[in-house]
Amino acid sequence: MSPLQHCASLISLFIILVSGALAALEALRQEDTLPAAAFAVDDACHAGNENSETGSCDLSLRQLRSVLAVDSQQLDEPTKNVTLKGALGATLPLGHPSASQVYPKHPGFTLFLVEEFDQALDLEKDPIWTWSDGGLKEGQVRFVKEQIKFQDGKMKIEVRANHGHQQTCSNAQSEHVPHKPLVAGEIRTRFNMFRYGRYEVRMKAPSVQPHNPNVDGNFVSTMFVFRDASFKHWREIDVEVTGRAPGAISTNILTADYQAKWKPSMQETDYPISYQHMNVRAEFHDYAFEWLPGKIRWYVDGKMVREKRNDRLAVPDKSAKIMMNLWIYHDAKPFVPFGGKHLDKDRFPMHAEYDWFRFYKWDGDHHYPPADMSSKSLTGDDMYLTSNNPCDGIPQIGEVLKYGKKLKPCKATCR
């Protein structure tokens, strides 16, 4: 083939590809009649999108639209390039990075996901993030979507009195949760598809009383990775800021299998004393951990504060979800063992603020996150009891293994 013929062939192929992409985008623009809360269920599985393991759709038309970085002008001007992100393309980082921000580089890691929180995330439609309807057994709060707020370029997770009525069934817990006196929020990724990498957040912990960051109370403000309900593979790597002191920061790891209830033997927590020069409620600070095979390193404001290797508890090696939440310990008298002793000083509402979140993928992990960012690439074990709330459209596959019995997970309804 002559150079001229080769060039003509390339031009013809380009025209075909652009025409097909524009036709698909026009279909996406017109397909806009489904209720937002039901998009992952009521979007019928389109040909080629079925997941043979779960029976769910990986990319319906509505989901496809949510991961396309295309503005309205691109639909009308064929001469512009169409840039695909997320599950369909190669433009990194995913999420909502700032075009004006120059992000730090870390050797051996690639910036993969950024949330600046400059705009509100739609936690019903976002292809990566959603909300939890859980409620910790040892906590006073039930997680609801409404307590995750986006204001002033920040994400705010707020705790307040619970004057509403929640379904007792929790998809996130895979079981019934009794009524809690407080509501708060937990944002989480939709699937167990994150593993080795560097996880960073800039956050400010709550003041337990308005305008007085020096009052100690009780709260747990977090950024962490977590896998499964607590019935099969309980895995956690945590940064936890608590109300017990102005500089109370703890680093934590949990590893257990088939445990329905927390036990001291499944946890290793470090409560260092070197943070007492800080007031984590008065100003923002940077928290990070690097999770690698057989090793975890935690950082505060860029300084490494702890390293954990395989010893009594093994470093997790299974994929997980990214989570951020705020909760209050239950009123356990005569003392409160976690989150701070002065539960009586808490005043509500109180909130934690998140300025940004970043995930750098470790270059040596060739399995997670999946290259196509879809559940189709996940294992059956990754998908075990992985629904987060009744509106996320993720089927709840698996049994609750509790006290030697196999139970069906409860079923909540999307409202």
Side-chain angles (χ1 to χ4, degrees), residues 131-145 147 157 159-162 164-188 217-238 240-244 250 252-269 313 320-321 323-341 343 346 348 384-390 396 398-412:
W131 54 280
S132 165
D133 70 345
L136 287 79
K137 295 180 179 68
E138 62 270 30
Q140 292 194 59
V141 308
R142 182 70 182 267
F143 295 133
V144 297
K145 181 181 66 173
Q147 294 310 108
I157 299 181
V159 182
R160 64 165 174 81
N162 185 3
H165 299 281
Q166 294 83 39
Q167 299 178 70
T168 60
C169 178
S170 162
N171 280 40
Q173 298 293 118
S174 305
E175 61 180 345
H176 291 279
V177 174
H179 179 80
K180 303 283 188 177
L182 303 169
V183 286
E186 177 178 86
I187 185 172
R188 48 165 62 186
N218 182 281
F219 62 79
V220 185
S221 183
T222 70
M223 185 273 288
F224 63 113
V225 293
F226 177 83
R227 181 182 176 95
D228 290 353
S230 54
F231 303 115
K232 192 175 184 183
H233 302 304
W234 192 338
R235 303 289 189 270
E236 281 190 57
I237 304 172
D238 303 330
E240 296 173 322
V241 182
T242 68
R244 62 184 176 85
S250 63
N252 193 31
I253 177 176
L254 289 92
T255 299
D257 290 322
Y258 305 105
Q259 293 290 331
K261 189 176 182 180
W262 175 87
K263 295 179 180 180
S265 60
M266 60 189 281
Q267 179 169 320
E268 289 182 5
T269 302
L313 285 183
K321 298 180 182 182
M323 301 188 184
M324 289 166 270
N325 67 21
L326 174 63
W327 58 281
I328 312 295
Y329 206 84
H330 66 62
D331 189 3
K333 296 179 180 179
F335 64 94
V336 179
F338 187 63
K341 296 181 178 180
L343 184 62
D346 283 0
F348 303 107
Y384 170 81
L385 294 178
T386 196
S387 180
N388 309 281
N389 62 72
Q396 197 70 311
E399 296 173 311
V400 175
L401 309 174
K402 193 171 184 180
Y403 307 122
K405 297 181 179 179
K406 294 183 178 181
L407 308 172
K408 291 184 178 181
C410 65
K411 292 184 179 181

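Throughout, residue positions are numbered sequentially from 1 according to the sequence presented.
- Thr269 places none of its side-chain heavy atoms less than 4.5 Å from the side chain of Asp238.
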| Can you check side chain to side chain contact (heavy atoms under 4.5 Å, CB included) on Phe226 and Glu236, steps first, answer last? | CA-CA 5 Å; Phe226 177 83; Glu236 281 190 57; 3.2 Å; yes
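- With Thr222 contributing its side chain and Asn325 its backbone, the two residues share a donor-acceptor pair below 3.5 Å.
- Within 6.0 Å of NZ on Lys137 lie more than 12 heavy atoms contributed by other residues, nucleotides or ligands.
- Counting only heavy atoms from C-beta outward, the side chains of Val183 and Arg160 approach each other to under 4.5 Å.
- Of the possible polar contacts, none joining the Gln140 side chain to the Leu182 backbone as a donor-acceptor pair under 3.5 Å is found.
- The shortest distance between side-chain heavy atoms of Leu407 and Glu175 does not fall below 4.5 Å.
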| said: Go through it in stages, so that I can follow the logic: the residues are Lys145 and Asn389, the test is side chain to side chain contact (heavy atoms under 4.5 Å, CB included), and I'd like the CA-CA distance, side-chain angles, deciding distance and then a yes or no. | reply: CA-CA 9 Å; Lys145 181 181 66 173; Asn389 62 72; over 6 Å; no
| request: Report the C-alpha distance between Phe338 and Glu138 in whole Å, list the side-chain angles of each, state the deciding distance to 0.1 Å, and finish with yes or no for side chain to side chain contact (heavy atoms under 4.5 Å, CB included). | output: CA-CA 9 Å; Phe338 187 63; Glu138 62 270 30; over 6 Å; no
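- Residues Asp133 and Ser170 have side chains that bring a donor and an acceptor to within less than 3.5 angstrom of each other.
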| task | Could you walk me through whether Asp228 and Tyr384 pass the side chain to side chain contact (heavy atoms under 4.5 Å, CB included) test, one step at a time? | result | CA-CA 7 Å; Asp228 290 353; Tyr384 170 81; 3.9 Å; yes
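- The backbone N or O of Tyr329 lies less than 3.5 Å from a partner atom in the side chain of Asn218, making a donor-acceptor pair.
- Of the possible donor and acceptor atoms, one in the side chain of Lys180 sits under 3.5 Å from a partner among the backbone N and O of Gly139.
- Val177 places none of its side-chain heavy atoms less than 4.5 Å from the side chain of Gln166.
- Salt-bridge annotation for Asp257 and Arg235: present, with a side-chain N of the basic residue lying under 4.0 Å from a carboxylate O of the acidic one.
- Contact check for Pro409 versus Leu385: side-chain heavy atoms found under the 4.5 Å cut-off.
- In this structure, Gln396 contributes its side chain and Thr386 its backbone to a donor-acceptor pair below 3.5 Å.
- A donor-acceptor pair is defined here as one N or O able to donate and one able to accept, closer than 3.5 Å; no such pair exists between the side chain of Asn171 and the backbone of Ser387.
- The main-chain N or O of Lys232 is never found under 3.5 Å from a side-chain atom of Arg227 such that the two would form a donor-acceptor pair.
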